[in-house]
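These notes concern the structure reproduced below.
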Amino acid sequence: MKNSTPDQTKNTILIVDDTPNNISILFDVLSKAGYKVLVATDGKSAVEQARYALPDLILLDVMMPGMSGFETCRQLKDHDATKAIPVIFMTALTETVNKINGFNMGAVDYITKPFDIHEVQSRIGTHLALANLRQKLEQLVSERTADLNKALTEVEELKDQLQAENVYLKEEIKQSKNPDDIISQSKVFEKVLIKIRQVAPTNSTVLITGESGTGKELLARAVHNLSGRKNRPLIKLNCAALPASLIESELFGHEKGAFTGASAQKQGRFELADGGTIFLDEIGEMPMDLQPKLLRVLQEGEFERVGSAKTLKVNVRIIAATNRDLEKEIAEQRFREDLYYRLNVFPVFSIPLRERKEDIPLLIRHFCQKLGAEQGKVIDQIPQKVIDTLTAYHWPGNIRELENVVERSIIMSPGRSLVLEDWSPRKPVATPKGNLMTMEECEREHILLVLEKTHWKVSGKNGAAEILDMIPTTLDSRMRKLGIKRPDQFTV
């Protein structure tokens, strides 16, 4: 039905009657009253004309040759274009059953012949006003419904994001080992913490470098927790822990059907971190073909999900960490120079444990308390000989290696005193030039030490990967990179 208002000069009325005199009277009166009047003399032409002209109201005679008024009304109400047009029957029949039949067909009113012109005009005006109010109400309901659907969609999207964040954060809690504890009394390390406190309130990108096991993730968490983003999530991705083919999906998400196995839409880490911080650990392992996309997020704050052309914008602070020499990686064309300079806005070097040895006694006590509680044991006595022995060691695996040694010692200690049952320090290995080991050489030496302790068992319970707190595939990758091969006697 066309838009109509109570103003009768804007309304069209279709008169359907086979009696010329009735048509003449109604046409004359309604035209003078300002209505636009159309005429049909039988039911079939009335239906056709109504579908074409879409009048605002129909005056329909009941008794007509051929198609009756009841059938005409039924066909009008069965068609989408005309079903909402109000129909007023005109009839000389007074039986109640006929009126009931008319209302059942969808009529809104009856006018009895011979009709009173004033009554006709009054009823027409009433039903046009009602139709106008009904149309406005339907429009209002439609608009409100659209608004509610939009709001519901936004709520569902937010709910999906919160659920994704919740799943991610629960997993982080399972894997996290009290990440907010930075134990130190070292004056050298205090300089690192001063830099952390300086950069935290800003939105600058931070690049944390240093050997494996020095606590780079703890420093990243400290930056986040001291920033204005602390009430939003810190989302983590270890670039070395995933196959290259999956890193893009993990970072940017994917659409359903984007690739084999993509059975549903998935939000990426950048979406989850919107308003917060993303920590990209082992950034030096990121594949070259993904580095331009990461650079774009750093520069523009935008990306597309895998399988989608829709650009998404995020407000994310990036903290990256690596134990690689990225300048060397650039020289060997394994890392983009422009990405390096975007990441290296505020560099922080995570000091190795051998350069902050005054922290070792504090860390031993901390691990005894924390790990002892986890294992249901009380270790409150740490002999000075144990402290001296552990302090003297060069710790190529840094804090992570120290934690592993303390944890194994707690398990082996029979009482409340910490005992180094099956551990003895190894001397630093000299390089061919007579100097101390490089970072990679330290890492290689430590991995070899752990592999020897586990009889070259890489994965599984008490395997090298578990002791080193690494994913088995990551350890395999590092072994290949460092040229570590399984001895023949351990080959299956």
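Note that the structure is a prediction, hence the values are computed from the model and not measured. The first residue of the sequence shown is numbered 1, and numbering continues consecutively from there.
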**Asked** When rounded to the nearest 0.5 angstrom, what is the spacing between CG in L133 and CG in L137?
**Response** 8.5 Å
**Message:** Please check this pair: side chain of K216 against backbone of I208, looking for a donor-acceptor N/O pair closer than 3.5 Å.
**Reply:** no
**Asked** What is the minimum heavy-atom distance between V314 and E271, and which atoms define it?
**Response** CG1-CA, 4.3 Å
**Asked** Does the R317 side chain pair with the main chain of T202, one donor and one acceptor, at a distance under 3.5 Å?
**Response** yes
**Request:** First locate atom CG of D380, then atom CZ of R365, and finally report the distance between them rounded to the nearest 0.5 Å.
**Result:** 12.0 Å
**Prompt:** When you check the gap from the basic side-chain N to the acidic O, do K310 and E304 get nearer than 4.0 Å?
**Reply:** no
**Request:** Please list, chain by chain and in numerical order, all residues satisfying ring pair (Phe, Tyr, Trp, His ring centres under 6.0 Å) with F259, sequence neighbours excluded.
**Result:** H254
**Request:** List the steps and the verdict of salt bridge (charged side-chain N to carboxylate O under 4.0 Å, His left out) for D147 and K150.
**Result:** CA-CA 5 Å; D147 290 341; K150 181 180 178 182; over 6 Å; no
**Item:** Listed partners of R480 passing side chain to side chain contact (heavy atoms under 4.5 Å, CB included), at least two apart
**Value:** D476, S477
**Message:** Check E138 with R134, please: is the shortest side-chain N to carboxylate O separation under 4.0 Å?
**Reply:** no
**Message:** Tell me whether K377 at atom NZ has more than 12 heavy atoms from other residues, nucleotides or ligands lying less than 6.0 Å away.
**Reply:** yes
**Message:** Quick check for you: to the nearest 0.5 Å, what is the distance between E190 atom CD and S186 atom OG?
**Reply:** 9.0 Å
**Message:** Is it the case that over 12 heavy atoms from other parts of the model lie below 6.0 angstrom from the NZ atom of K481?
**Reply:** yes
**Request:** Can you sort out the partners of F303 under ring pair (Phe, Tyr, Trp, His ring centres under 6.0 Å), two or more places apart, ordered by chain and number?
**Result:** F252
**Asked** NZ of K357: more than 12 outside heavy atoms within 6.0 angstrom?
**Response** yes
**Request:** Compare all side-chain heavy atoms of I194 with those of Q198 and state whether any distance is below 4.5 angstrom.
**Result:** yes
**Message:** Determine whether R324 and E285 satisfy the following criterion, salt bridge (charged side-chain N to carboxylate O under 4.0 Å, His left out), listing intermediate values before the conclusion.
**Reply:** CA-CA 9 Å; R324 288 192 178 191; E285 304 284 347; 3.0 Å; yes
**Asked** Of all residues at least two apart in sequence or in a different chain, which pass the side-chain hydrogen bond (donor to acceptor under 3.5 Å, both in side chains) check with T322?
**Response** none
**Message:** Applying side-chain hydrogen bond (donor to acceptor under 3.5 Å, both in side chains), can you list everything that pairs with Q75, at least two apart in sequence or on another chain?
**Reply:** E71
**Asked** In Å, rounded to the nearest 0.5 Å, how long is the span from CG of D274 to CG of L312?
**Response** 9.5 Å
**Item:** Euclidean distance, H79 NE2 relative to L76 CG, rounded to 0.5 Å
**Value:** 10.0 Å
**Item:** With sequence neighbours excluded, residues passing side chain to side chain contact (heavy atoms under 4.5 Å, CB included) with E355
**Value:** I351, P352
**Item:** Heavy-atom donor-acceptor pair, N315 side chain to G275 backbone, under 3.5 Å
**Value:** no
**Item:** Separation of L448 CG from L482 CG (nearest 0.5 Å)
**Value:** 8.5 Å
**Prompt:** What closest approach, in Å, do G276 and R229 show between heavy atoms, and which atom pair accounts for it?
**Reply:** O-NH1, 2.9 Å
